[in-house]
Asker: 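Got a structure for you, questions after.
A note on names: the letters A, B, ... follow the listed sequences, proteins ahead of strands, and every chain is numbered from 1.
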2 protein chains.
Amino acid sequence: MLKEERHYHILDKIILNRKVLSADLSIELNVSEDTIRRDLNDLSAKGLIRKVHGGALPIETGTPSYGERSTYNLEEKNIIAKKAVRLIKSGQVIIMSGSTTNLQLAKIIPSDINCTIYTYSLPIALQLTEHPSIEIIFIGGKLHKPAQVTVGLDVVSSISELRADLCFMGTGGINTLNGMTEPDWEVSHIKKCMISVSDRVVALCTQNKLNETKRYTVAPIHKIDTLVTDIDPNDSIFNDFREKGVKIL
Amino acid sequence: MLKEERHYHILDKIILNRKVLSADLSIELNVSEDTIRRDLNDLSAKGLIRKVHGGALPIETGTPSYGERSTYNLEEKNIIAKKAVRLIKSGQVIIMSGSTTNLQLAKIIPSDINCTIYTYSLPIALQLTEHPSIEIIFIGGKLHKPAQVTVGLDVVSSISELRADLCFMGTGGINTLNGMTEPDWEVSHIKKCMISVSDRVVALCTQNKLNETKRYTVAPIHKIDTLVTDIDPNDSIFNDFREKGVKIL
DNA sequence: GTTAATTGTGCAAGATAATTCATATTCAAT
DNA sequence: ATTGAATATGAATTATCTTGCACAATTAAC
């Protein structure tokens with residue numbers, strides 16, 4: 001393994017995972033940690049990565065101001081939200097799952113949009129109360145405290161009585177082979193239900209969830225109409241998805 | 001987990017929840033509280049958060065959100081909440097209406113209490129998610145934005161299927177002649193329903209609502225078991241209430 | 001072909017950074 | 001004032017980093 005090969009590997013990994021650890025790389029690339037550190041120093045000197053104690057992170061994009069930094073993790077989610085919000089039209093009935101990406105989306109819905117939104121997430125509902133005209137229907141049930149969403153049979157049965165034009169779904173993991181998957185059993189059921197009552201399913205997915213597979217299946221890939229990510233929709237990574245008929249945004 | 005990752009996690013969480021506790025973060029991120037405190041100090045030094053005893057808060061941005069929305073008569077409501085909280089026992093099933101007094105009450109429920117609480121108020125539900133053991137059932141329906149509560153037939157029919165030991169009710173107005181009254185038609189119906197499914201009804205009432213009468217009747221005075229106010233329960237103002245069998249706290 | 005510089009790598013020792021732990025102090029709530 | 005919780009501090013520990021050096025492989029020069 002040549003030095004440059006390692007460098008490319010490191011850069012690839014850092015783009016994909018948003019971080020690398022010296023210890024991991026040492027094992028993966030089968031060289032000592034010293035060598036990895038030297039690699040990281042090289043790349044850092046070239047301004048390609050940012051070296052930190054224990055590994056390295058990508059260079060921060062944009063102006064490193066106060067607000068920018070504090071929204072760092074939300075940056076990708078905001079990109080996704082901005083793409084997704086264009087799908088919302090007045091008059092639609094929409095279901096939103098309880099992800100932080102959806103929360104970002106809820107924040108930027110233009111005030112001239114007039115639609116009905118069903119959700120089972122307290123933060124999202126609360127955010128939507130700031131919107132002047134959207135009709136919000138909260139889906140009741142037992143509250144799951146950490147995620148601040150309702151869960152359980154009540155939720156499933158409430159959703160199954162609906163019919164929605166659009167469904168915005170945060171993703172635990174998605175790939176062409178296993179489709180959409182979820183780490184949580186209850187949530188996977190709720191999402192199944194959401195999909196079955198929605199005309200179009202829009203999956204919101206940060207790149208780190210792309211090509212991941214979680215424990216429970218939500219839906220095969222062909223049930224997903226549109227996939228919204230924070231990467232360029234023309235990227236070749238999406239070829240498989242396009243073949244299965246998934247629109248990329 | 002790199003140090004910066006923790007920092008981003010903390011910033012994300014603080015944006016989402018409007019506060020973080022050192023103890024929680026320590027468990028979530030699997031490091032000691034010392035480390036969390038040092039992280040908080042770092043972030044605070046960068047001006048990204050405001051460190052306080054026990055955790056940290058976001059930098060004040062001027063836009064007050066649900067949590068810090070100015071509450072009128074906060075002092076009185078706290079007094080009432082402190083009296084009312086003594087009525088809560090482990091094992092009970094409780095319904096809470098959506099008043100700011102109830103919100104204060106929700107904040108001070110001792111953490112060793114273990115009960116089930118039904119509510120249709122977003123702020124109260126959100127507040128209760130901080131409690132370690134209470135089971136929260138949110139009553140879904142159409143959201144009334146200004147009050148951030150659900151309303152409508154869904155709410156009424158959900159409530160009518162319950163059975164509760166206790167019911168904490170904010171009051172629009174109360175007096176011995178007209179009983180409990182409400183300015184809002186929809187809310188008056190919901191409250192009627194709450195009363196009909198509860199064994200005991202506790203009315204929480206600041207003194208300015210005492211002896212007021214609003215447009216719609218909720219219940220005659222004898223339906224109220226306990227009246228909690230911010231004035232001395234032995235005050236002669238309560239004589240009429242006592243005659244009707246209302247306990248004063 | 002031999003030699004000398006150059007480069008890449010691993011190893012070891014000391015330096016630095018991050019973390020935990022024990023302890024004393026401060027804080028918040030009664 | 002008293003109590004219990006949260007915090008700051010410094011020592012001890014662990015992890016990571018830097019540095020210098022040895023060695024091998026590669027390149028360049030003669």
Side-chain angles (χ1 to χ4, degrees), chain A residues 1-11 13-14 17 19-57, chain B residues 1-11 13-14 17-46 48-58 67-68 74-86 88 104-113 127 130-133 230 249:
Chain A
M1 168 81 64
L2 296 173
K3 188 162 128 173
E4 269 200 52
E5 290 184 83
R6 287 200 311 274
H7 285 192
Y8 285 125
H9 179 101
I10 293 170
L11 288 172
K13 182 165 185 183
I14 223 169
N17 296 14
K19 79 161 186 184
V20 288
L21 301 181
S22 310
D24 289 355
L25 288 170
S26 159
I27 296 167
E28 277 175 43
L29 299 175
N30 202 34
V31 291
S32 72
E33 287 194 35
D34 298 80
T35 302
I36 294 298
R37 263 190 289 279
R38 265 183 286 252
D39 289 339
L40 296 182
N41 280 329
D42 291 353
L43 293 169
S44 175
K46 286 186 193 162
L48 298 175
I49 62 171
R50 199 158 49 89
K51 192 169 178 299
V52 298
H53 200 90
L57 298 168
Chain B
M1 169 85 63
L2 297 170
K3 189 160 120 171
E4 280 202 41
E5 289 185 89
R6 288 201 310 271
H7 287 187
Y8 293 136
H9 178 103
I10 293 170
L11 289 172
K13 181 163 185 184
I14 224 169
N17 294 13
R18 312 206 63 82
K19 86 171 193 191
V20 289
L21 302 181
S22 310
D24 290 354
L25 288 170
S26 159
I27 297 166
E28 276 175 43
L29 299 175
N30 203 32
V31 292
S32 72
E33 286 194 36
D34 295 84
T35 301
I36 295 297
R37 263 190 287 278
R38 222 169 306 102
D39 288 340
L40 295 182
N41 281 331
D42 290 352
L43 293 170
S44 175
K46 286 185 193 162
L48 299 175
I49 62 172
R50 197 158 55 89
K51 192 168 178 299
V52 297
H53 200 87
L57 301 170
E68 52 225 333
L74 189 58
E75 268 315 300
E76 289 91 333
K77 288 173 181 171
N78 272 323
I79 294 170
I80 295 172
K82 276 175 195 161
K83 292 183 185 176
V85 77
R86 298 202 302 267
I88 302 178
Q104 295 309 113
L105 174 55
K107 282 181 184 165
I108 60 168
I109 299 176
S111 51
D112 61 337
I113 293 276
Q127 177 62 48
E130 318 242 320
H131 192 284
S133 50
D230 52 319
L249 246 171

Asker: How long is the gap from CG on A:Leu48 to CG on A:Leu43, to the nearest 0.5 Å?
Answerer: 6.0 Å
Asker: Taking atom C1' of C:dG8 as reference, at what distance in whole Å does atom NE2 of A:His7 sit?
Answerer: 11 Å
Asker: Nearest to the side chain of A:Lys3 - D:dA6, C:dT20, C:dG8?
Answerer: C:dG8
Asker: Look at A:Lys51 and D:dT18 and indicate whether a side-chain polar atom (N or O) is within less than 4.0 Å of OP1 or OP2.
Answerer: yes
Asker: OP1, OP2 of C:dC11 versus side-chain N and O of A:Ser32: anything below 4.0 Å?
Answerer: no
Asker: C:dG8 P sits how many Å from A:Ile36 CD1, rounded?
Answerer: 14 Å
Asker: Classify the side chain of A:Arg38 versus the base of C:dG10 as yes if they form a donor-acceptor pair under 3.5 Å and no if they do not.
Answerer: yes
Asker: Distance check needed: C:dT26 C1' versus B:Glu33 CD, whole Å only.
Answerer: 16 Å
Asker: Give a yes/no answer on whether the side chain of B:Asn41 brings an N or O atom under 4.0 Å of OP1 or OP2 in D:dT7.
Answerer: no
Asker: Less than 4.5 Å apart, any side-chain heavy atom of A:Lys3 and any of A:Thr35?
Answerer: no
Asker: Determine the minimum heavy-atom distance between B:Ile88 and B:Leu105, stating which atoms define it.
Answerer: CD1-CD1, 4.3 Å
Asker: Does a nitrogen or oxygen in the side chain of A:Thr35 sit under 4.0 Å from OP1 or OP2 of C:dG8?
Answerer: no
Asker: Whole angstroms only, please: what is the CG-P distance between B:Asp42 and D:dA8?
Answerer: 12 Å
Asker: For B:Lys82, which contact category applies under a 4.0 Å heavy-atom criterion: base, sugar-phosphate, or nothing?
Answerer: nothing
Asker: Could you check A:Arg50 against B:Glu4 for salt bridge (Lys or Arg N to Asp or Glu O under 4.0 Å), going step by step and ending with a plain yes or no?
Answerer: CA-CA 11 Å; A:Arg50 199 158 49 89; B:Glu4 280 202 41; 2.6 Å; yes
Asker: Could you tell me the separation between the CD atom of A:Glu5 and the P atom of C:dG8, rounded to a whole number of Å?
Answerer: 14 Å
Asker: Would one find a side-chain N or O of B:Ser22 under 4.0 angstrom from OP1 or OP2 of D:dT7?
Answerer: yes
Asker: Figure out the CG/P separation between A:Asp39 and D:dT18, and round it to whole Å.
Answerer: 13 Å
Asker: Side-chain donor or acceptor of B:Asp34 under 3.5 Å from a matching atom on the base of C:dC21?
Answerer: yes
Asker: Take the protein atom NE2 of B:His53 and the nucleotide atom P of D:dT7, then report the distance between them rounded to whole Å.
Answerer: 5 Å
Asker: From CG of B:Leu25 over to P of D:dT7, roughly how many Å is that when rounded to an integer?
Answerer: 11 Å
Asker: Under 4.0 Å between a side-chain N or O of A:Arg6 and OP1 or OP2 of C:dT9?
Answerer: yes
Asker: How many angstroms lie between atom CG of A:Leu57 and atom CD1 of A:Ile49, to the nearest 0.5 angstrom?
Answerer: 9.0 Å
